[in-house]
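These numbers were taken from a predicted model, which means no experiment stands behind them. Side chains included, hydrogens not; waters and symmetry mates left out as well; all remaining heavy atoms used. In the text below, chain A, chain B and the rest are named by the order of the sequence lines, each starting its count at 1.
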There are 2 protein chains.
Amino acid sequence: MSAMNDQPEQRRYHHGDLRTALLEAAERSVRAHGAAQLSLRDLARAVGVSHAAPRRHFADRQELLDALAEEGFALLGENIRRALVDADEDFAARTRGTASAFAHFAVENPALLELMNSTKHQGAPSVARAAEAAFEPIFELIREGQAQDILEAGEPEELGLILYATINGITMLVNTNMVPAGRLDELTDTAVSQFLRGAAGGAGVGTISSARAGSRPPTPGCPVRARG
Amino acid sequence: MSAMNDQPEQRRYHHGDLRTALLEAAERSVRAHGAAQLSLRDLARAVGVSHAAPRRHFADRQELLDALAEEGFALLGENIRRALVDADEDFAARTRGTASAFAHFAVENPALLELMNSTKHQGAPSVARAAEAAFEPIFELIREGQAQDILEAGEPEELGLILYATINGITMLVNTNMVPAGRLDELTDTAVSQFLRGAAGGAGVGTISSARAGSRPPTPGCPVRARG
DNA sequence: CAACAGTGTTGTCAATGACTACATGATTCC
DNA sequence: GGAATCATGTAGTCATTGACAACACTGTTG
């Protein structure tokens, strides 16, 4: 709403880097008031340009929102990658760290996540590409687990998407106030535990794809399923 | 957008049941064009009342959207309950049926789901209550599984929320076009399988009796050491 | 029958997204 | 070096919208 003055410095006719300035202002605005409240004219005021200037960089309100969503996926990907390099070697710990990084990013940027989860940017291939880039480290993590025979063999994509979906869903419960924020860590923690158990390979039971997994030692008769 | 004429019949000064008429028109509109496109004035036109009439029933645009979200949760709850009474086989099949019902509802009503997952209705306790009512059958299902010693003991709420979150997240991947719709069943299926394994308690290991004999080959795994 | 409350109507306002025509400045090419 | 050209910003305009206020119609209740 209120035209947040940024640089009251006088500006020449051309702004110089209006596009990024708009995106930055937009990110602040979305963060503060949600995507639905975002007004192009307000952004223009905030940056100090005329109301029609944004149109040179975003043909459409939606186009700007798409760009923001894209940026959101890039940020998320960064966060996940950082969490993965920081984490130690233990696969379970790495998975936990990844999930936690995602969960906290989502809860700290609810409006951005909502934008990323919006159905509106279906026509924007750039957003899809950004999303895939954010998923990549997750898939890579799954491959790690499979290489260590901690996860069942099969498409790493499949497992990765399920993990992503689960954490995303949990944060959504928190962000919509259906679950108190205090339960976030607890929920993601048990979700990850269940994921590790449910997608366990090697000692795991009932791995459907065990027939295909040549490198896999034959699964013992039953249980083992090391509990805890 | 286009003022969809409903009943061209002439109407008396008072509509009779404007509130529900508006909600019905709103549901159609949201389903067709998304919540962001919904216009109160357009609804008024569609129903054949003046542009200010809706205000008597919804103080606010958001209030109408909240009512729609509430209705969405009621519908979802119905669907889940129906799926549960229809499938009274073993626990795994019931879980699979529940997940499938949710997943298909979500994918068939993307805009409605987006509304239900919106952060904007945080101030509306009615929406929260409706959501809880929709969760209830899921929690009840979890209690079943725990009673049969197929799921680990603990708060049924916890497991139920995780299951809900997972399916919700998967449908979101489909609804945002990040995953082709054709993979919906496959993804929910393996997600449920993993859930059952990951949250397994007592004896039940790898009871993956597939109800929808879809893409998944039946897994022999371990003998289902029966409950009770 | 008269007050009254519920509901619908008309009128109005500021804000917005989209569009057009025009201005200014930077880049390129002769 | 200067002109053509293109990118970028500006001013003006329009239809639409949500919100609000003042007023009209109608059934109910005392």
Side-chain angles (χ1 to χ4, degrees), chain A residues 1-4 6-26 29-30 32-68 115 118 120-121 123-124, chain B residues 1-4 6-26 29-30 32-68 115 118 120-121 123-124:
Chain A
M1 293 297 181
S2 52
M4 29 186 164
D6 252 15
Q7 334 276 20
E9 319 164 7
Q10 62 179 357
R11 188 182 46 73
R12 283 194 189 66
Y13 193 92
H14 284 97
H15 177 283
D17 197 1
L18 181 54
R19 187 189 152 94
T20 52
L22 285 171
L23 278 177
E24 282 169 13
S29 173
V30 164
H33 312 103
Q37 298 293 324
L38 185 107
S39 148
L40 291 181
R41 290 173 107 104
D42 207 18
L43 290 184
R45 279 189 288 270
V47 176
V49 294
S50 76
H51 66 263
R55 240 178 96 73
R56 293 285 173 208
H57 304 272
F58 304 97
D60 207 288
R61 200 184 104 105
Q62 187 57 45
E63 206 167 272
L64 193 155
L65 292 179
D66 288 351
L68 272 184
L115 211 52
S118 165
K120 300 256 272 326
H121 51 57
Chain B
M1 295 301 175
S2 51
M4 30 188 165
D6 252 13
Q7 331 276 19
E9 319 164 7
Q10 61 179 0
R11 186 182 47 75
R12 284 195 193 67
Y13 193 92
H14 285 98
H15 177 282
D17 198 1
L18 182 55
R19 187 190 151 94
T20 52
L22 285 171
L23 278 177
E24 282 169 12
S29 172
V30 164
H33 311 103
Q37 299 293 323
L38 185 104
S39 146
L40 290 181
R41 289 173 107 106
D42 206 19
L43 290 184
R45 279 189 287 269
V47 176
V49 293
S50 75
H51 67 263
R55 242 178 93 73
R56 293 285 174 209
H57 302 273
F58 304 98
D60 206 283
R61 200 183 105 106
Q62 186 58 44
E63 207 168 270
L64 193 155
L65 292 179
D66 288 351
L68 273 184
L115 210 51
S118 165
K120 301 254 273 328
H121 51 55

Engineer: Could you check which of C:dC19, C:dG17, D:dG18 has an atom nearest any side-chain atom of B:Leu40?
Structural biologist: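 Of all the options, the side chain of B:Leu40 is nearest to D:dG18.
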Engineer: Ignoring the backbone of A:Val49, work out which of D:dG18, C:dT9, D:dT10 is nearest its side chain.
Structural biologist: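 It is D:dT10.
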Engineer: Minimum heavy-atom separation for B:Leu65 to B:Ala35, with atom names?
Structural biologist: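 Heavy-atom minimum between the residues: CD2-CB, 4.3 Å.
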Engineer: Whole angstroms only, please: what is the NE2-C1' distance between A:His57 and D:dG9?
Structural biologist: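 After rounding, the reported distance stands at 8 Å.
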Engineer: Hey, does A:Leu64 reach any base, or is it just sugar-phosphate, or nothing, if we go heavy atoms under 4.0 Å?
Structural biologist: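 Contact class for A:Leu64: none.
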Engineer: In whole angstrom, give the distance that lies between atom CG of B:Leu43 and atom P of D:dT17.
Structural biologist: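 Result: 10 Å.
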Engineer: At less than 4.0 Å, is any side-chain N or O atom of A:His51 found next to OP1 or OP2 of C:dA18? Yes or no.
Structural biologist: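 The answer is no; no side-chain N or O of A:His51 sits under 4.0 Å from OP1 or OP2.
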Engineer: Without decimals, in angstroms, what is the distance between A:Phe58 CZ and C:dC19 C1'?
Structural biologist: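 In whole Å, C:dC19 C1' lies 19 Å from A:Phe58 CZ.
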Engineer: Just how far, in rounded Å, is C1' of C:dG17 from CD of B:Gln37?
Structural biologist: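 After rounding, the gap between these two atoms is 11 Å.
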Engineer: Has B:Arg45 got a side-chain N or O lying under 4.0 Å from the OP1 or OP2 atom of D:dT16?
Structural biologist: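 No.
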Engineer: In a check of side chain to side chain contact (heavy atoms under 4.5 Å, CB included) between B:Phe58 and each of B:Asp66, B:Leu23, B:Leu43, B:Leu40, which one passes?
Structural biologist: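 Only one option passes, and that is B:Leu23.
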Engineer: Ignoring backbone atoms, test whether A:Arg55 places a side-chain nitrogen or oxygen under 4.0 Å from the OP1 or OP2 oxygen of C:dC19.
Structural biologist: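 Checking C:dC19 against A:Arg55, a side-chain N or O does come within under 4.0 Å of OP1 or OP2.
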Engineer: Starting from P on D:dA19, measure out to CG on B:Leu38 and report it in whole angstrom.
Structural biologist: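 Going from CG in B:Leu38 over to P in D:dA19 covers 11 Å.
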Engineer: Does A:Arg41 get its side chain close enough to the base of C:dG17, under 3.5 Å, for a donor-acceptor pair?
Structural biologist: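 Counting by modelled atom types and ignoring angles, a donor-acceptor contact under 3.5 Å is found here.
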Engineer: Can you give me the closest heavy-atom contact between A:Pro54 and A:Ser50, atom names plus distance?
Structural biologist: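 Heavy-atom minimum between the residues: CD-O, 3.5 Å.
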Engineer: Of all the heavy-atom pairs spanning A:His121 and A:Gln62, show the shortest one and how long it is.
Structural biologist: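 Shortest heavy-atom contact: N-NE2, 4.2 Å.
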Engineer: Measure the distance from CG on B:Leu22 to P on D:dG18 and round it to the nearest whole Å.
Structural biologist: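 In whole Å, D:dG18 P and B:Leu22 CG are 12 Å from each other.
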Engineer: Provide, to the nearest angstrom, the distance between the CZ atom belonging to B:Arg19 and the P atom belonging to C:dG6.
Structural biologist: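 Whole-Å distance recorded here is 15 Å.
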Engineer: Distance criterion of 3.5 Å, no angle test: do you see the side chain of B:Arg56 paired donor-to-acceptor with the base of C:dG6?
Structural biologist: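 Between C:dG6 and B:Arg56, which were checked side chain against base, a qualifying N/O pair under 3.5 Å is absent.
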Engineer: Nearest-Å distance, CD (B:Gln62) to C1' (D:dA19)?
Structural biologist: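 After rounding, the gap between these two atoms is 15 Å.
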Engineer: So, do B:Arg56 and B:Leu18 sit near enough that their side-chain heavy atoms are less than 4.5 Å apart?
Structural biologist: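 No, side chains not in contact.
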Engineer: Can you tell me if B:Ser39 touches the phosphate of D:dT17, counting only side-chain N or O atoms and a distance under 4.0 Å to OP1 or OP2?
Structural biologist: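 It does, given that an N or O in the side chain of B:Ser39 lies less than 4.0 Å from OP1 or OP2 of D:dT17.
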